Amino acid sequence: LGASLEIATRGNTKLTPGSQVVIASTGLRADDDIVWMAQVRAAAPAGPRLASVLVDAALARGEPHEDLLAVVVRQHRS
């Protein structure tokens, strides 16, 4: 699980089969990269529901609901 937003803003990276890229609002991921990566790892088994699981978990923690956005880009297995 990758880099913070500041590092991963430009460039190209080849996705291996089965990999995922999570694009999340700052309201969803907050400021602590270590906590965020742990949350993504814990939710990763949700597969295609990953984005909604991350948003639901943030709502359950009491995060403000107006800025909770997640988009997951998946590289399908060949």
Side-chain angles (χ1 to χ4, degrees):
L1 298 169
S4 68
L5 181 63
E6 292 82 22
I7 295 169
T9 54
R10 294 180 185 219
N12 296 318
T13 301
K14 185 173 180 163
L15 295 178
T16 59
S19 63
Q20 301 180 81
V21 176
V22 178
I23 304 164
S25 65
T26 54
L28 182 61
R29 68 182 303 280
D31 295 328
D32 191 332
D33 286 342
I34 293 171
V35 170
W36 169 244
M37 287 189 290
Q39 291 168 348
V40 173
R41 282 188 186 105
R49 294 181 29 254
L50 178 58
S52 62
V53 168
L54 291 169
V55 169
D56 289 344
L59 287 170
R61 290 190 308 272
E63 300 291 339
H65 64 277
E66 67 271 359
D67 185 27
L68 300 178
L69 172 69
V71 176
V72 177
V73 178
R74 298 173 53 113
Q75 173 68 25
H76 293 285
R77 297 184 193 279
S78 324

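The shown structure was predicted, so the numbers you read here are calculated from the model rather than taken from an experiment.
Legend: residues meeting side-chain contact (heavy atoms from CB on, under 4.5 Å) with Asp32, ordered by chain and number and at least two apart, are Ile34, Val35. Residues satisfying the side-chain contact (heavy atoms from CB on, under 4.5 Å) criterion with Val55, sequence neighbours excluded, are Leu28, Leu59, Leu68, Ala70.
Between the OG atom of Ser52 and the CG atom of Leu50 there is a distance of 8.0 Å, given to the nearest 0.5 Å.
Minimum interatomic distance between Leu54 and Ala43 (heavy atoms only, all atoms of both residues): CD2-CB, 3.8 Å.
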